Each structure stands twice: as structure tokens, then as C-alpha cells.
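Let me begin by presenting the structure, written as C-alpha cells, before commenting on it.
Given the structure is predicted, the values throughout are model-derived calculations rather than measurements.
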Amino acid sequence: MPNPFMKKAIELAVENVRTGRGGPFAAVVVKDGRILAEGTNRVTSTNDPTAHAEMVAIREACRTVGHFQLTGCEIYTTCEPCPMCLGAIYWARLAEVFYASTGKDAAAAGFDDSFIYEQFEQPISGRKIPMIQLMREEALQAFRAWEQKADKIPY
């Protein structure tokens, strides 16, 4: 029997392509059998490289629940999450990820993120985009201020 949440995500992805709003990706965030949020890829329509379907759905779900964590929620996404989306999924504390197509399927369609995974394996000095550290000691002041903050909200 088809999963109704994945079915919805796939319908959203196909419609996103048909309407020209973005790439062939969609996601829904679900809690207790109810869709909290939907997201489609909006990278090109919003000129925002972070507007992947999972990111859009996570942002909307967080607004819906009024919190930055989505404990007890699942995400249904039409494709295996990219490194950015996977990071957001972990930061949002989603309980489960259900995905349809794989990263290899995405790569075959022109959406290959394997180079990002390869960059993670490189030492900082060997990465394609130069990463230059500046003013570390001065920046540590922000961490010291955080450590001393009595009313901080840990995340």
C-alpha cells in the first residue's frame, strides 16, 4: 500500500516541475499522522541556494510548532537528503527520515552532490574553496559570552 505522506511529497515534486517553480524535489513534515508542513524546491524561484525542499518544510514546520526542534516528527522527502538538508534534519531533531529516490538517482538527473561529500574528506587546506582562518582569539569572545549567559536556550 502506498504511503500517503510520500505520495503527497511526490505529487508536490511533480507539480513543482510542471509549474516551473523549482527542482524535482518535495518534502512533508509529519507529526502524529498529520502533515505539519510541506516544502518544495525553490532554489531558482527565490534565488536562494538553501531553499531545498527539506529546508523549506523544516522552516515551515518549526513556525507551525513554534519551536526550533521537531522532536517526534518525521520527514518524507522525495530524494535522499543532500549534506545541507541532512545537517538541518539532525539539528531539527527529527525522529525519522523516509526518502524515495537515492542520491545516485538525483545525480543521474543532474543533481550530483557527491563533490560535497568528497570535500568533507579533505583537510581544510586541500578544499576546492579556500578556507582562511582569521581572528580566532577575538571570535572566542562570543563563546565566552555564551558560556556566561544565565538565560541561554541550549540547542
Side-chain angles (χ1 to χ4, degrees), residues 1-124 126-129 131 142-143 146-147 149-155:
M1 173 179 263
N3 179 284
F5 304 122
M6 187 62 77
K7 185 175 187 260
K8 178 66 173 177
I10 292 167
E11 289 169 358
L12 289 168
V14 171
E15 182 66 15
N16 205 48
V17 173
R18 283 191 182 139
T19 60
R21 290 187 201 127
F25 304 96
V28 295
V29 175
V30 174
K31 184 166 187 175
D32 299 328
R34 184 174 69 86
I35 294 176
L36 294 180
E38 301 174 350
T40 57
N41 179 283
R42 298 180 187 165
V43 170
T44 57
S45 64
T46 61
N47 293 319
D48 179 356
T50 70
H52 288 200
E54 297 93 335
M55 302 292 284
V56 172
I58 288 168
R59 289 173 183 147
E60 184 59 33
C62 287
R63 279 191 286 273
T64 298
V65 300
H67 202 271
F68 56 87
Q69 291 183 355
L70 298 172
T71 307
C73 297
E74 305 110 30
I75 191 166
Y76 293 79
T77 179
T78 57
C79 190
E80 183 179 0
C82 76
M84 175 182 66
C85 294
L86 185 60
I89 287 165
Y90 277 102
W91 281 116
R93 311 294 199 281
L94 286 152
E96 290 182 288
V97 177
F98 298 92
Y99 66 95
S101 36
T102 67
K104 288 183 181 182
D105 297 327
F111 299 93
D112 190 359
D113 57 17
S114 63
F115 72 97
I116 298 172
Y117 289 103
E118 291 166 6
Q119 289 297 295
F120 288 147
E121 299 298 320
Q122 299 296 319
I124 289 175
R127 293 184 180 164
K128 185 175 180 177
I129 297 175
M131 298 185 69
F143 289 125
W146 175 257
E147 290 166 349
K149 185 172 175 59
D151 61 346
K152 64 185 164 205
I153 300 172
Y155 60 97

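- Between Cys79 and Asp105 there is no side-chain heavy-atom pair separated by less than 4.5 Å.
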Going by atom type alone, with no hydrogens or angles, which donor-acceptor pairs under 3.5 Å involve a side-chain atom of residues 26-44 and a protein atom two or more places apart or on another chain?
residue	atom	partner	partner atom	Å
Lys31	NZ	Thr71	O	3.4
Thr40	OG1	Asn16	OD1	3.3
Asn41	OD1	Gly23	N	3.0
Asn41	OD1	Val43	N	3.3

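- Distance check: Asn3 CG to Lys8 NZ gives 13.5 Å after rounding to the nearest 0.5 Å.
- Heavy atoms of other residues, nucleotides or ligands lying less than 6.0 angstrom from NZ of Lys152 number more than 12.
- Using modelled atom types, no side-chain atom of Lys7 and backbone atom of Pro2 make a donor-acceptor pair closer than 3.5 Å.
- Here the CD-OH distance, from Glu54 to Tyr76, works out to 14.5 Å after rounding to the nearest 0.5 Å.
- Counting only distance, with no hydrogens or angles, the side chain of Asp113 and the backbone of Ile116 share no donor-acceptor pair below 3.5 Å.
- Summarising the local packing, OH of Tyr99 is surrounded by 12 or fewer heavy atoms from other residues, nucleotides or ligands at distances under 6.0 Å.
- Side chain of His67 to backbone of Gln69: a donor-acceptor contact under 3.5 angstrom is found.
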Taking only distance into account, with no hydrogens and no angle test, what donor-acceptor pairs under 3.5 Å do side-chain atoms of residues 82-95 form with protein atoms, sequence neighbours excluded?
residue	atom	partner	partner atom	Å
Arg93	NH1	Trp91	O	2.8
Arg93	NH2	Tyr155	O	2.8

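- Met55 is listed as a side-chain neighbour of His52, based on a closest heavy-atom distance under 4.5 Å.
- Side chains of Val14 and Glu11 form no contact here, defined as non-hydrogen atoms less than 4.5 Å apart.
- Here the side chains of Val17 and Glu15 are not in contact, with every heavy-atom distance at 4.5 Å or above.
- Nearest heavy-atom pair across Pro49 and Asn47 is CD-O, 3.9 Å.
- One distance of note links CZ of Arg127 with CD of Glu118; it measures 13.0 Å at 0.5 Å rounding.
- Counting only N and O atoms by type, the side chains of Glu80 and Thr102 include no donor and acceptor under 3.5 Å apart.
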